[in-house]
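All heavy atoms count here, side chains included; hydrogens, waters and symmetry mates do not. Chain letters run A, B, ... following the sequence lines, proteins first and then strands; every chain starts at 1.
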2 protein chains.
Amino acid sequence: MATPVKQPPAADRVYTHVKQGVLDRRYEGGALLTEGELADAVGVSRTPVREALLRLEVEGLIRLYPKKGALVLPVSAQEIADVVETRLLVEEHAARKAVPAPPSLLERLAELLEKQKAQAAAGDFAAAAVSDRCFHAEIVRSGGNEILSRLYDQLRDRQLRMGVAVMHSHPDRIAKTLAEHEEILRALSAGDAEAAVGVVHRHVSWFSHLARGEVR
Amino acid sequence: MATPVKQPPAADRVYTHVKQGVLDRRYEGGALLTEGELADAVGVSRTPVREALLRLEVEGLIRLYPKKGALVLPVSAQEIADVVETRLLVEEHAARKAVPAPPSLLERLAELLEKQKAQAAAGDFAAAAVSDRCFHAEIVRSGGNEILSRLYDQLRDRQLRMGVAVMHSHPDRIAKTLAEHEEILRALSAGDAEAAVGVVHRHVSWFSHLARGEVR
DNA sequence: TGGCCACAGGATAGATACAACGCGTACGCA
DNA sequence: TGCGTACGCGTTGTATCTATCCTGTGGCCA
């Protein structure tokens with residue numbers, strides 16, 4: 001048999017294609033995508049394309065203009081501020097709620113932290129970024145609130161568009177991130193909610209300083 | 001001319017139809033909707049139905065099962081808890097941020113409160129519920145965070161499914177709601193953030209007591 | 001009688017065909 | 001030359017058709 005693996009659904013392929021394209025700037029902010037283009041690019045019909053675009057609009061990555069096309073939303077200062085503010089709200093809440101932390105959570109966090117360290121040391125920054133993301137998501141998910149967990153995932157996606165390059169280019173920043181993660185883990189282990197919240201606050205709001213005025 | 005008005009897009013009609021159906025319990029939780037049924041019911045083809053169902057899934061009202069149909073999600077205790085927790089998080093944050101409140105905000109809130117009072121006095125509980133909702137939404141929107149504003153709207157929609165009847169049936173509760181709104185407005189006017197947060201907390205978490213164990 | 005397999009029914013997933021709409025352009029008229 | 005209108009192209013919106021997949025049912029065999 002030539003292709004024993006079953007292809008993922010066409011709608012998902014389009015979704016991933018566009019999302020990746022938007023996230024890593026292959027599609028510039030302000031670009032106007034049309035269903036036909038995307039259909040050709042991915043090799044499917046327009047129907048699944050419509051589906052994917054609809055999902056992406058809900059996530060706030062694009063905006064659908066009737067009879068015109070899908071506008072790749074440029075990153076605005078407003079959006080950056082909103083994302084950071086919302087992340088702060090969700091993550092601080094999660095950190096506060098994660099105290100006292102169950103051993104299973106602490107264990108998973110320690111594991112993720114080790115993994116990220118190893119990946120950073122090996123120079124695999126992309127993988128490290130994934131681990132970074134998992135670390136935060138794990139804390140949020142430990143709160144057990146599905147609404148907040150889903151929201152948080154979306155926030156991280158949107159944040160990916162805003163200056164990821166900087167994260168990857170500065171080893172200093174990586175080290176600082178790791179140190180802060182360690183600090184968060186320590187605070188959670190110690191059951192010190194306010195300390196954990198404080199570190200999370202620093203950790204997240206650092207980004208807003210960096211992003212200020214860097215709207216491209 | 002018979003129908004001079006232009007019909008809204010078919011997808012929107014389906015969306016509204018299903019959403020209303022789910023919200024006012026015409027479609028029971030646990031029911032399995034099929035695209036064909038809905039297409040016939042609204043009088044459009046299945047394509048816009050798909051679109052509408054997709055949007056509703058993102059909002060968390062239904063769950064799409066591949067090759068099976070659209071399950072109207074039953075209200076679970078988990079969902080109630082999540083909605084209330086998230087509302088608390090968002091609304092308390094909004095209340096805190098709304099201090100000091102600009103006069104324009106206070107003005108709009110006072111206006112909405114008066115309107116709701118009049119509607120409640122006139123016995124138009126449905127309209128009063130709409131005003132109630134606007135009151136809260138206005139505070140959240142004043143924060144200027146689009147992500148939180150959109151999230152909040154979704155939360156209110158979902159909460160509509162959980163025991164609205166109770167709200168409408170007890171005039172006592174209406175009176176209490178109005179009193180609490182007045183209290184919130186007073187606290188905001190006075191610039192007392194913590195007082196406002198406290199009232200909001202009471203106001204929102206009242207619902208969780210009511211909903212506990214009342215999962216239908 | 002119990003379990004397995006084949007088949008049929010119904011649903012979605014995807015492709016394609018058609019209609020309606022909007023926008024820009026170019027032509028015509030004043 | 002300037003403005004208004006009409007035409008044409010491109011895009012989305014909707015409908016319909018086909019293929020694929022899942023599920024439940026029925027019969028057959030051990």
Review point. Does E57(A) CD have over 12 foreign heavy atoms under 6.0 Å away?
Key: yes
Review point. Atom OH of Y65(A) to atom C1' of dC21(C): distance rounded to whole Å?
Key: 18 Å
Check your understanding: Roughly, in whole Å, what's the span from CG in D12(A) to C1' in dT12(C)?
Key -> 14 Å
**Study point:** Test log, rule side chain to side chain donor-acceptor pair (under 3.5 Å), inputs H203(B) and E91(B)
**Key:** CA-CA 10 Å; H203(B) 189 62; E91(B) 292 209 49; over 6 Å; no
Practice item. Decide if atom NZ of K115(B) counts as having more than 12 heavy atoms of other residues, nucleotides or ligands within a radius under 6.0 Å. Key: no
Review point. Can you check the D40(B) CG to dA15(D) C1' distance for me, whole Å?
Key: 13 Å
Practice item. Give the ring-plane orientation class for H181(A) versus H136(A), where under 30° counts as parallel, over 60° as perpendicular and anything between as tilted. Key: perpendicular
Study note, to complete from the structure: Exactly one of R173(B), R156(B), K117(B) clears salt bridge (charged side-chain N to carboxylate O under 4.0 Å, His left out) with D132(B), and that residue is R156(B)
Review point. Can you give one letter per nucleotide of nucleotides 5-10 of chain D, going 5' to 3': B for a protein heavy atom under 4.0 Å from the base, S for sugar-phosphate only, - for none?
Key: ------
Revision key, fill the gap. Between CG of L32(A) and C1' of dC23(C) the distance, given in whole Å, is 13 Å
Review point. How about E37(A): does its CD atom have over 12 heavy atoms from other parts shown lying under 6.0 Å from it?
Key: yes
Point to revise | Residue-level proximity of residues 42-53 of chain B to DNA chain C when a heavy atom falls under 4.0 Å | key: R46(B), R50(B)
Revision key, fill the gap. Rounded to whole Å, the CG-P distance (L54(B) to dG14(C)) equals 11 Å
**Study point:** Atom pair distance, as rounded to whole Å: CG in L38(B) and C1' in dA11(C)
**Key:** 13 Å
Check your understanding: If only atom types and distance count, is the side chain of Q78(A) paired as donor or acceptor with the main-chain N or O of G144(B) below 3.5 Å?
Key -> yes
Review point. I62(B) CD1 to dT12(C) P: how many Å, rounded?
Key: 11 Å
Review point. Whole Å only: how far is the CG atom of L64(B) from the C1' atom of dA11(C)?
Key: 12 Å
Review point. Does R63(A) CZ have over 12 foreign heavy atoms under 6.0 Å away?
Key: no
Check your understanding: Using 4.0 Å as the upper bound for N to carboxylate O, is an ion pair formed by R133(B) and D157(B)?
Key -> yes
